[in-house]
Amino acid sequence: MTHTPPPPDFPPQPPAPAPKKNRTNAIIIGSAAAVIAAIIGTGIVVANSRDDDTTASPTKTSTPADETVTAAEEPEPTPENTEPEVMGLTDGVSYQDGVEVQLSDYKRGVSSDTAAPSGTPYVAFTVEINNKSQSIVDIGTGYVMCYYGDESRTSEQIFDSERGLEGVPSMRLQPGRTAKATVACEMPKDQQYLQVEMAPSVEAQAAIFAGNIK
């Protein structure tokens with residue numbers, strides 16, 4: 001009969017050592033905890049600060065006296081003068097488009113028997129129209145009107161071919177050209193004040209000439 005020998009009697013094994021804690025992990029964990037604590041603390045401080053700001057209310061320290069404020073007044077606009085300027089009897093007038101008008105050579109006289117009207121005292125003057133514009137000027141569409149005396153009575157225009165009093169011609173004045181004509185208006189010998197209104201064409205504003213005739 002065969003016997004199995006007993007196992008050898010080995011001394012007992014010492015217990016396995018406990019695992020060492022990682023020092024680096026401990027430092028990181030500790031730092032994170034400190035940061036979180038700081039953030040939480042800061043949030044509390046900010047919240048408290050906001051609470052303090054929102055709960056604070058302004059305090060009225062004094063009551064101001066009634067105050068009177070004087071408002072500045074804007075200047076009233078000056079009305080524009082739309083009336084034409086009154087010229088002397090021998091002054092020249094220049095329009096924006098380049099047309100120029102001038103009256104000259106005033107003479108007194110009496111119309112002939114063949115004139116219309118005949119045997120009438122008048123004052124005659126030369127009308128000169130200079131077209132310095134870039135367009136044709138239809139001077140036949142213009143007009144000449146006269147007034148005399150302190151009462152500004154309407155003066156009838158006189159046409160007398162014998163005296164060369166034919167008025168402004170009905171023509172289309174070309175650019176760069178000049179037209180001259182002799183115009184006569186009724187004017188009693190005892191009157192001196194004369195006013196002439198003239199427009200070189202229907203598109204132009206009338207120019208006013210005024211003064212005394214000896």
Side-chain angles (χ1 to χ4, degrees), residues 75-214:
E76 296 183 0
T78 303
E80 296 183 1
N81 184 11
T82 58
E83 295 295 327
E85 183 181 357
V86 178
M87 306 292 179
L89 290 174
T90 58
D91 289 339
V93 175
S94 298
Y95 290 87
Q96 291 183 352
D97 59 1
V99 177
E100 296 179 352
V101 175
Q102 186 166 15
L103 310 184
S104 61
D105 299 331
Y106 291 87
K107 298 177 181 179
R108 286 184 179 266
V110 178
S111 62
S112 66
D113 295 339
T114 59
S118 62
T120 303
Y122 64 78
V123 59
F125 49 89
T126 300
V127 176
E128 181 177 341
I129 303 173
N130 190 357
N131 185 9
K132 293 184 178 180
S133 72
Q134 302 298 318
S135 305
I136 296 174
V137 177
D138 189 355
I139 62 177
T141 62
Y143 67 90
V144 177
M145 295 187 66
C146 300
Y147 305 88
Y148 66 85
D150 295 337
E151 297 178 357
S152 298
R153 293 186 177 181
T154 302
S155 174
E156 184 176 0
Q157 188 170 342
I158 295 175
F159 297 91
D160 190 348
S161 58
E162 186 176 335
R163 302 283 195 268
L165 309 177
E166 299 180 352
V168 178
S170 296
M171 65 174 294
R172 296 169 64 84
L173 189 62
Q174 303 293 322
R177 304 293 294 179
T178 299
K180 286 186 177 182
T182 303
V183 176
C185 293
E186 173 194 5
M187 188 170 185
K189 295 180 179 179
D190 61 345
Q191 299 294 330
Q192 291 188 345
Y193 180 79
L194 175 68
Q195 176 175 317
V196 181
E197 294 184 9
M198 180 188 172
S201 69
V202 70
E203 298 176 351
Q205 186 181 29
I208 300 177
F209 306 86
N212 294 321
I213 302 293
K214 293 182 179 180

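Residue indices begin at 1 and follow the sequence shown. These values consider heavy atoms only, across backbone and side chains, with no hydrogens, waters or symmetry-generated copies.
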- Query: How long is the span from the CD atom in Glu166 to the CZ atom in Phe159, to the nearest 0.5 Å?
  - Reply: 9.5 Å
- Message: With a 4.5 Å cut-off on side-chain heavy atoms, are Tyr147 and Thr154 touching?
- Response: yes
- Task: Enter the distance from Thr182:OG1 to Arg163:CZ here, rounded to the nearest 0.5 Å.
- Result: 13.5 Å
- If you take all heavy atoms of Pro121 and Ile158, which pair is closest and at what distance? O-CD1, 4.2 Å
- Does CZ belonging to Arg177 count more than 12 external heavy atoms closer than 6.0 Å? no
- Can you find a pair of side-chain heavy atoms, one from Ser104 and one from Glu128, that are under 4.5 Å apart? no
- Which heavy atom in Gln157 sits nearest to a heavy atom in Pro117, and how many Å separate them? O-CD, 4.1 Å
- Gln96 atom CD: more than 12 heavy-atom contacts under 6.0 Å: no
- Query: Is the shortest heavy-atom distance from the side chain of Val110 to the side chain of Lys189 under 4.5 Å?
  - Reply: yes
- Message: Between Lys214 and Tyr106, is the side-chain contact (heavy atoms from CB on, under 4.5 Å) condition met? List the steps.
- Response: CA-CA 10 Å; Lys214 293 182 179 180; Tyr106 291 87; over 6 Å; no
- Item | For the student: nearest non-hydrogen atoms of Ser201 and Asp138, plus distance | CB-O, 3.7 Å
- From CA spacing to verdict: side-chain hydrogen bond (donor to acceptor under 3.5 Å, both in side chains), Asp113, Ser118: CA-CA 5 Å; Asp113 295 339; Ser118 62; 5.5 Å; no
- Query: Checking Arg108 side chain against Pro188 main chain: does a donor-acceptor pair fall under 3.5 Å?
  - Reply: yes
- What's the shortest heavy-atom distance between Lys132 and Glu100, and which atoms? NZ-OE2, 3.3 Å
- Message: With rounding to the nearest 0.5 angstrom, report the CD to CD distance, Glu197 to Gln205.
- Response: 10.5 Å
- Nearest heavy-atom pair of Ala199 and Ala204: which atoms, and what distance? CB-O, 3.7 Å
- Item | Nearest-0.5 Å distance that lies between atom CD in Glu85 and atom CZ in Phe209 | 10.5 Å
- side-chain contact (heavy atoms from CB on, under 4.5 Å) evaluation trace for Asn131 with Gln174: CA-CA 7 Å; Asn131 185 9; Gln174 303 293 322; 5.6 Å; no
- Task: State, with a plain yes or no, whether a side-chain heavy atom of Met171 is found less than 4.5 Å away from one of Ile139.
- Result: yes
- Query: Hey, what do you get for CD (Glu186) to OG1 (Thr120), rounding to the nearest 0.5 Å?
  - Reply: 6.0 Å
- Test side-chain contact (heavy atoms from CB on, under 4.5 Å) on Ser155 and Tyr122 and set out the steps. CA-CA 9 Å; Ser155 174; Tyr122 64 78; over 6 Å; no
- Does a donor on one side chain and an acceptor on the other come within less than 3.5 Å for Ser135 and Ser133? no
- Message: Between Val127 and Leu103, is the side-chain contact (heavy atoms from CB on, under 4.5 Å) condition met? List the steps.
- Response: CA-CA 5 Å; Val127 176; Leu103 310 184; 3.7 Å; yes
- Minimum side-chain heavy-atom gap Ile129-Val137 below 4.5 Å: no
- Message: For a quick test of reading the model, state the closest non-hydrogen atom pair linking Gly149 to Gln191 and the distance between them.
- Response: CA-OE1, 3.1 Å
- Query: Quick one: OH on Tyr193 to CG on Leu89, what's the gap to the nearest 0.5 Å?
  - Reply: 8.5 Å
- Task: Give the intermediate values and the outcome of side-chain hydrogen bond (donor to acceptor under 3.5 Å, both in side chains) for residues Ser111 and Asp160.
- Result: CA-CA 7 Å; Ser111 62; Asp160 190 348; 5.0 Å; no
- Message: Would you say CG of Asn212 has more than 12 non-hydrogen atoms from neighbouring residues, nucleotides or ligands within 6.0 angstrom?
- Response: yes
